[in-house]
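One structure is given below, encoded as structure tokens.
Remember, predicted model here, so these are calculated numbers, not experimental data. One-based numbering along the sequence shown.
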Amino acid sequence: MLLRAPAIADAMRISLLAGDFEVASMTGTIPHPYTEEMAADWIRSHRDGEEGVAFAIDLGGALIGCVGYRAYDEVHAEMGYWLGKPYWGLGYATEAARALIRHVFQKEGFDYLTVGHFRENPASARVIVKLGFEPSGEVLRDCAARGNKSRCLTYRLTRERALAPAPQDPAEPSFFQAGTLR
């Protein structure tokens, strides 16, 4: 698995995977339907620095989802991610988010990260807890695909907690290679 910058050539695949209502409805910002043109606009906005930082999750040359973050100030960023339905439950979200977390704390220097999931997404809750995030509250957040506000459970992860050695993971592979997340 490789984390790389999304390319305009990914727009059709992003539209197909993220445009699935079951995927889009678990995110705050992905509308439904989600056209290829909308996906291309999203990719361009990231290249222009308007939407934070995003990485395509690439598995053997195929985009399977995206992971990224948006800085809110010098010390805090919020992480987000999505995976196409065929890739749910296989550990890819955890692996990609873990690589992003290391990047955010080691390369970007933030003090803490936040993340959230809609109440009706227990699979995302399991990923978030597995990554070491601690519950911090509940808010109402917009859901573009559903066209309403939904209850979102929020979490926080500090740099110290994220970078502390984990005894159960003695030799995690490095996803950083020549400036690219891997």
Side-chain angles (χ1 to χ4, degrees), residues 1-72 77-104 107-108 113-118 120-128 130-131 141-150 152 173-182:
M1 191 174 76
L2 172 72
L3 298 184
R4 60 169 175 78
I8 294 297
D10 295 320
M12 185 164 73
R13 181 92 171 145
I14 290 171
S15 166
L16 174 72
L17 294 174
D20 181 313
F21 185 76
E22 288 186 65
V23 174
S25 68
M26 291 299 131
T27 73
T29 59
I30 299 172
H32 181 78
Y34 192 48
T35 66
E36 185 175 346
E37 182 178 327
M38 294 165 111
D41 287 344
W42 176 80
I43 292 165
R44 280 190 282 278
S45 71
H46 277 279
R47 284 197 324 214
D48 296 342
E50 299 169 9
E51 292 279 335
V53 177
F55 295 98
I57 304 169
D58 188 307
L59 182 65
L63 182 140
I64 65 169
C66 290
V67 63
Y69 64 93
R70 180 186 301 239
Y72 281 92
E78 182 173 27
M79 179 178 77
Y81 59 89
W82 64 266
L83 280 180
K85 265 182 64 179
Y87 308 98
W88 287 3
L90 300 172
Y92 297 125
T94 303
E95 186 178 347
R98 190 170 282 140
L100 180 81
I101 289 166
R102 281 195 300 270
H103 172 77
V104 164
K107 304 290 185 191
E108 300 297 337
L113 262 178
T114 57
V115 69
H117 68 84
F118 291 125
E120 51 283 353
N121 190 352
S124 200
R126 288 188 295 275
V127 169
I128 290 166
K130 194 183 309 182
L131 293 167
R141 286 227 173 131
D142 289 325
C143 178
R146 295 184 221 165
N148 66 15
K149 290 190 180 284
S150 294
C152 179
S174 172
F175 292 88
F176 300 98
Q177 188 172 40
T180 301
L181 292 175
R182 288 195 96 187

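Taking 4.5 Å as the limit, every side-chain heavy atom of Met38 sits out of range of all side-chain heavy atoms of Asp41. Residues Arg98 and Leu131 form a side-chain contact, since some pair of their non-hydrogen atoms from C-beta on lies under 4.5 Å apart. Side-chain atoms of Val104 and Met79, non-hydrogen and from C-beta on, never get closer than 4.5 Å to each other. You'll find the side chain of Ile14 reaches within 4.5 Å of the side chain of Trp82, heavy atoms only.
For the atom pair CD of Glu95 and CG of Leu59, the computed distance is 8.5 Å after rounding to the nearest 0.5 Å.
By the 6.0 Å contact criterion, CD on Glu37 is open, its count of non-hydrogen atoms from other residues, nucleotides or ligands being 12 or less.
Taking the six-membered ring for Trp and thresholds of 30 and 60 degrees, His32 and Phe21 have ring planes more than 60 degrees apart, a perpendicular arrangement.
Ser15 places a side-chain N or O within 3.5 Å of a backbone atom of Tyr34 that can act as its donor or acceptor partner. Within the 3.5 Å criterion, the main-chain N or O of Glu78 finds no donor-acceptor partner in the side chain of Arg70.
Residue Tyr81 forms a side chain to side chain contact (heavy atoms under 4.5 Å, CB included) with just one option from Leu100, Ile128, Thr94, Thr27, and that option is Ile128.
Contact check on Arg13 versus Asp10 returns no salt bridge, with no Lys/Arg side-chain nitrogen under 4.0 Å from an Asp/Glu carboxylate oxygen.
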Run the numbers on Arg47 and Ile8 for side-chain contact (heavy atoms from CB on, under 4.5 Å), then give the verdict.
CA-CA 10 Å; Arg47 284 197 324 214; Ile8 294 297; 3.4 Å; yes
Using side-chain contact (heavy atoms from CB on, under 4.5 Å), reason through Val23 and Leu17 one step at a time and then give a plain yes or no.
CA-CA 7 Å; Val23 174; Leu17 294 174; over 6 Å; no
